[in-house]
Structures are given as C-alpha cells and as structure tokens.
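Worth knowing before you read on, the calculation uses all heavy atoms, side chains too, and leaves out hydrogens, waters and symmetry mates. Start at 1 and go down the list; that is how both ligands and their atoms are numbered.
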Amino acid sequence: METISVSELARKMNLKASELIGKLMGMGMMVTMNQSIDADTATILASEYDCTVHIVSLYDETVIESESDGSVELLHRPPVVTIMGHVDHGKTKTLDAIRSANVAAGEFGGITQHIGAYTVETGKGKVTFLDTPGHEAFTMMRARGAEITDIVVLVVAADDGVMPQTIEAINHAKDAKVPIIVAVNKIDKPEANPDKVMTQLSERGLIPEAWGGDTIFVPISALQKVGLDTLLDAILLQAEVLELTANYECRAEGKVIESRIDHGRGIVATIIVERGTLRTGDSYVAGVFSGRVRAIFNDRGEKLEEATPSMPVEILGLEGMPNAGDPFQVTETERIARQISSKRQELKRFENSRNIKKVTLDNLYDTI
Ligand code: GDP
Ligand code: MG
C-alpha cells in the first residue's frame with residue numbers, strides 16, 4: 001500500500017509540515033513529520049488544500065511496473081460496451097435482442113438473470129455489455145473515476161432522428177474519449193430515414209465511413225433482430241483497433257457495477273474485472289467494505305472458480321453494500337483487506353462530518 005511521509009507530502013504541497021500535523025490532529029490522528037500516512041489519508045488531506053494526489057497504485061507497485069516493462073505478457077481482453085441514446089430509441093430492446101440471440105435456447109432456464117452486465121460469445125470473440133443503459137449510469141461511473149467503458153454504441157431511431165439525449169450521449173462519450181459506433185435502429189419502420197440520421201450526425205462530427213469519415217454506422221432493427229451480427233462485428237473491429245489488453249496474472253482489480261441484497265444469498269455485488277484473475281477464496285476490499293470471495297457466478301448464474309479481465313461476475317461474501325463505481329481490489333491477506341476497509345470507513349466518516357461542517361459554515365455566511 002502506498003504511503004508518504006508527512007514531511008514529504010508537506011513539501012509537495014508547499015506547506016509547513018506543522019500545518020499538516022495540525023490538520024491530521026483535527027482528523028484524530030497523532031503523527032510526527034517523519035511518520036508515513038497512507039494514500040487515502042493523503043488524498044483527503046490534499047483535498048482540504050485543493051491539491052490532488054495521484055496514487056500510482058494502491059497495492060502492488062511491482063505488478064504495475066512489470067506490466068509496463070513488458071515482463072508480464074499482456075493478453076487480449078474483450079471490449080466493455082455501453083449502449084446510449086435518446087429515450088425510446090431502443091436501447092433496452094437492442095440489449096435484449098443481442099443477448100437472446102447469442103445465448104443458446106434453454107440456457108436461461110426460464111429465469112432471466114439480471115446482474116447489470118453480460119457477455120456475449122460471438123464466433124470472433126467476446127463482448128461485454130453494461131446492462132445499465134443511460135447517461136446517468138455512465139456519468140455517475142465517470143464521476144467516480146470508473147471509466148470502464150471501451151466503446152459506446154449510440155442508438156438512434158431512424159424514424160425519430162437525432163434528439164437532445166442523442167447529443168448529450170455524444171458529448172459524454174467525447175469527453176470520456178470513448179469511440180462511438182452508431183446503431184441506426186428501427187429500420188423496419190416505414191417512416192425510417194437512415195440517411196437523415198447520417199446527415200444529422202455528420203453535422204455533429206460523426207461522419208460515416210461511407211462518406212469518407214471514420215464512424216461506423218450499422219442499420220439495425222432490434223425488433224426484428226436485423227443487423228445485430230453486423231453490429232457485433234463492428235464492435236469487435238473497433239476493439240481490435242483499440243488493442244485492449246490486460247495483465248491476467250496479478251491480483252484482481254475491478255469496479256463495482258451494482259450491489260444488492262438477495263434473499264437467501266446475502267449481499268451480492270456485480271463487478272467487472274479490469275485486470276488480474278479473481279478466484280474463490282480471495283480477500284478483497286470493495287469500496288469501504290472488505291470480505292472474502294465465497295462464490296463467483298457469471299451472468300448466467302453459473303458458478304465459476306475464477307474470473308478474468310472484462311468479465312462481469314456476481315460475488316458473494318460481502319459485509320456491506322458498496323456503491324456502483326467503487327473500486328474492487330484483491331488483497332494479499334484478509335488482514336490487509338480488513339485494515340484498508342476500517343481505514344476507509346474511518347475516512348468516510350471524517351469526510352461526512354467535514355461536509356456537515358461545510359454546510360453549517362455556508363449557512364453561517366448566508367446569514368451574515
Ligand atoms: P429505450 O428507452 O431506448 O430503452 O427504448 P426501448 O428499447 O424501451 O424501446 C422503445 C420502444 O421502441 C419499444 O416500444 C420498443 O418495442 C420499440 N422498438 C425498439 N426497437 C425497435 C425496432 O427496431 N423497431 C420498431 N418498430 N420498434 C422498436
Ligand atoms: Mg430502456
């Protein structure tokens with residue numbers, strides 16, 4: 001775990017060490033200038049002074065180093081895709097159509113598992129879809145630094161054309177520097193006008209390949225299940241260009257997609273593994289909570305022994321409900337997981353109390 005001495009942090013922040021020591025005392029921590037504080041504490045401390053702390057790695061620097069120096073072989077990983085678009089343009093229908101078309105009959109066993117993400121296996125590779133369409137989910141995850149989306153599929157209804165949320169989606173994707181593939185949906189409708197969609201989007205900088213640009217447009221009908229294979233091909237093509245890889249050997253790290261209470265199973269969290277391999281029995285921290293992976297299930301409810309990068313899985317064995325977007329990290333030992341968890345809970349309490357204080361202060365100024 002990353003640490004920094006108080007004097008070093010003070011130097012980097014252009015402050016006197018005594019200033020930081022006083023601040024830490026206010027947080028209930030007695031430290032001297034040569035003592036070290038952990039990354040979480042440093043982050044909160046720095047935010048008090050409008051400074052940002054860049055944490056190189058929370059746990060295992062050596063893995064990161066070996067990753068970048070190439071001594072660990074980085075292997076291909078499937079793309080993680082978010083579907084965005086205006087309301088009623090067919091996001092849910094598209095997600096459902098892709099899923100049902102790529103899952104063998106009977107595999108669901110009559111129950112549609114909903115875990116917030118799913119993977120489809122195509123002849124040419126796997127694709128993971130985040131099953132939480134909508135800009136809110138995307139922006140919320142981004143706001144928490146959880147940029148797990150590799151590709152955005154922008155669904156635009158061919159009868160309706162570009163609408164306000166279409167533009168919003170484009171802006172979000174551009175801000176996040178995530179490439180966009182356009183799915184021109186509802187082409188089965190008599191009033192469908194795909195050309196108009198292409199013209200409208202060209203005006204927004206998304207120029208179709210057919211017109212000399214570099215945006216892939218795929219005409220589809222989610223209702224009639226037309227064009228979905230072409231869409232998957234386009235996603236895999238885009239993924240190839242992005243050269244998505246990950247270290248499969250290190251301790252698993254990922255992001256929480258959602259968590260919920262399941263009757264009979266306790267707290268269940270859906271996570272997407274970003275790097276490393278997650279195994280049953282691993283100790284971990286998810287947000288402020290720690291635990292030990294009691295069981296791993298895939299999006300079809302099948303029990304797994306391990307999960308690799310870009311795989312969405314459900315895990316059992318949590319002591320609390322982490323938030324969507326929270327980091328998930330496997331730790332070397334259960335003790336370390338518990339230590340980090342209690343430290344984070346302590347810091348969270350401090351943050352909360354600080355927020356309350358701030359509000360009071362603002363109110364105070366208001367009345368003056
Ligand atoms: P969302 O709000 O973007 O998730 O949109 P939905 O997937 O809920 O779809 C909105 C409506 O459009 C529903 O009534 C769908 O049945 C319909 N719809 C979706 N895709 C198609 C399509 O390809 N063709 C036609 N005709 N209707 C569609
Ligand atoms: Mg929907």
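At under 3.5 Å, a nitrogen or oxygen of Gly90, whether backbone or side chain, sits near a nitrogen or oxygen of ligand 1. Taking any N or O of Leu223, backbone or side chain, at least one lies under 3.5 Å from an N or O belonging to ligand 1. Residue Lys91 has at least one N or O atom closer than 3.5 Å to an N or O atom of ligand 1. Taking only nitrogen or oxygen atoms, main chain and side chain alike, Ala222 reaches within less than 3.5 Å of ligand 1. At least one N or O atom of Asp188, backbone or side chain, sits closer than 3.5 Å to an N or O atom of ligand 1.
With rounding to the nearest 0.5 Å, the separation of CD in Glu240 from NZ in Lys124 is 10.5 Å.
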Does Glu314 form a salt bridge (charged side-chain N to carboxylate O under 4.0 Å, His left out) with Arg260? I'd like the steps, not just the answer. CA-CA 10 Å; Glu314 275 191 330; Arg260 62 201 164 82; 2.3 Å; yes
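Looking only at distances, no side-chain donor or acceptor of Tyr118 sits under 3.5 Å from a matching main-chain atom of Pro312. Within the 3.5 Å criterion, the main-chain N or O of Thr333 finds a donor-acceptor partner in the side chain of Thr331. A distance-only check finds no donor-acceptor pair linking the side chain of Asn185 to the backbone of Val155 [under 3.5 Å].
Distances shorter than 4.0 angstrom occur between a heavy atom of His86 and an atom of ligand 1.
Around atom 28 (C) of ligand 1, the closest heavy atom drawn from Lys225, Lys186, Lys189 belongs to Lys186.
Near Asp88, the atoms of ligand 1 lying under 4.0 angstrom from a non-hydrogen atom of the residue are 1 (P), 2 (O), 3 (O), 5 (O), 10 (C), 12 (O). Proximity to Ser221 (heavy-atom distance under 4.0 Å) selects the following atoms of ligand 1: 23 (O).
With a heavy-atom cut-off of 4.0 Å, Asn185 touches ligand 1 through its side chain alone.
Thr277 and Thr308 share no side-chain donor-acceptor pair at under 3.5 Å. The closest side-chain donor-acceptor pair between Asp233 and Thr230, if any, does not fall under 3.5 angstrom.
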